[in-house]
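Structure first, commentary second.
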Amino acid sequence: MELQIRHVSKTYDNGVQALRDVSLTIPPGMYGLLGPNGAGKSTLMRMLATLQQPDAGSIHLGDIDVVKNPDAVRHTLGYLPQEFGVYPKVSAEELLMHFALLKGITDARIRRDVVHALLFQVNLWDVRKQNLGGYSGGMRQRFGVAVALLGNPKLLIVDEPTAGLDPAERVRFLNLLSELGENSVVLLSTHIVDDVSELCTRMAIIDHGEILLEAEPLKAIGEMRGRIWRRIIDRADLADFEREHPVISTRMLAGRTVVRVYGEQAPIGDFESTEPALEDVYFSAMAGHIGRRSELVATAS
Ligand code: ADP
């Protein structure tokens, strides 16, 4: 089942245009929607979760018209929003039982089996009797996944799930996600490039409500080979350097400033060619060296 988003736009009442003519085709598997804060990711996620409507455009999950027939999607949707509340004085097992009932699993034995299987799957079995108020951020996120997975959704939406997690929790959480989604569409929105490079077979980069690039991460990285140049400079020289070169990122390394520059040919000066990473794809698309922004510049000139 494919998710098809066609020419979707959305402007909020305050005049902010959060999505501009967004079109994406999302096959089963893990798909990453990558963009900075304010790019429009949550707006799109809420729309796919049928919580708000587009001003224009259409969304289809397989044969289901998501905009016209939201109830049909809700039966087959799992949504882990950026922020969700839990009842702190209830255990994970109790609350999951309750949500399973709301989801329509009325047979008590089946409900118990489903809930137990999910608690195992998200690795909360040993702490299932603990109150949710005592859970860490990572445990809560994994509980959120268990809730989202109730009823075997064909579309699973996870909005910025790793933002507040410490490194160990993040790895555990990403491992959990990677086990899902062979048959269903799993859409992960994030501003963290590594989330996408570690997990997703396809991705889109979004900024200011516009899709800048749709790609397979490994292929996009391959296409950057021979175009990323690296140089170590003094921090004090950075401003001058940025005026002279198309800098895509800077990073401190052992007290020195490492600059990465985009160029189809070797820039003049003391640069070394370097192996590209997904971060280079992301920053190059944002800066308009590749993708939609570069096409717009080419058309204008
Ligand atoms: P992201 O999830 O990528 O951070 P959002 O979809 O939350 O982006 O926001 C996109 C833009 O829309 C931002 O400029 C944000 O301030 C604005 N926005 C989001 N929600 C609302 C809302 N309910 N009302 C008005 N503006 C909003």
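Quick note: numbers below take in every heavy atom, side chains included, and nothing from hydrogens, waters or symmetry partners. Order of appearance sets the numbers: ligands from 1, and atoms from 1 within every ligand.
- No donor-acceptor contact under 3.5 angstrom links the side chains of D55 and S9, judged on distance only.
- Y12 OH: more than 12 foreign heavy atoms inside a 6.0 Å radius.
- The N37 neighbourhood of ligand 1 comprises atoms 4 (O), with distances under 4.0 Å to a heavy atom of that residue.
- Nearest protein neighbour of atom 13 (C) of ligand 1, counting heavy atoms only, is G38 O, 3.8 Å.
- Just one of R227, R225, R230 meets the salt bridge (charged side-chain N to carboxylate O under 4.0 Å, His left out) condition when paired with E275; it is R225.
- Ligand 1 places these atoms under 4.0 Å from at least one heavy atom of P36: 3 (O).
- In this structure, atom 6 (O) of ligand 1 lies nearest to the protein heavy atom T43 OG1, 2.5 Å.
- A heavy-atom distance below 4.5 Å is not found between the side chains of H289 and S294.
- For the residue pair Y31/E214, the side-chain donor-acceptor check at 3.5 Å is satisfied.
- Taking atom 25 (C) of ligand 1 as the reference point, the nearest protein heavy-atom neighbour is N14 ND2, 3.2 Å.
- When only non-hydrogen protein atoms are considered, atom 7 (O) of ligand 1 lies nearest to S42 CB, 3.7 Å.
- Atom 8 (O) of ligand 1 has its nearest heavy-atom neighbour, among S189, G209, G40, G15, in G40.
- Between the side chains of E93 and H116, at least one donor-acceptor pair of N or O atoms lies under 3.5 Å.
- Using a 4.0 angstrom heavy-atom cutoff, M45 does not count as in contact with ligand 1.
- Protein heavy atoms are absent from the 4.0 Å sphere centred on atom 15 (C) of ligand 1.
- Within ligand 1, counting atoms from 1 as listed, the ones closer than 4.0 Å to a heavy atom of V16 are 11 (C), 12 (O), 14 (O), 17 (C).
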Derivation and outcome, ring-ring contact (aromatic ring centres under 6.0 Å, His included), residues Y87 and H98
CA-CA 12 Å; Y87 300 95; H98 174 69; 7.3 Å; no
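- Close approach to R46 involves these atoms of ligand 1, each under 4.0 Å from a residue heavy atom: 20 (N).
- Of all atoms in ligand 1, numbered sequentially from 1 with element shown, those under 4.0 Å from a heavy atom of A39 are 1 (P), 3 (O), 8 (O).
- When only non-hydrogen protein atoms are considered, atom 23 (N) of ligand 1 lies nearest to Y12 CE2, 3.7 Å.
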Stepwise, does the side chain to side chain contact (heavy atoms under 4.5 Å, CB included) test hold for L253 with I232?
CA-CA 9 Å; L253 183 69; I232 296 173; 5.7 Å; no
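- In summary, the atoms of ligand 1 found under 4.0 Å from a heavy atom of A18, numbered by their order in the structure, are 12 (O).
- Here the straight-line distance linking atom CG of L34 with atom CG of L278 works out to 7.0 Å at 0.5 Å rounding.
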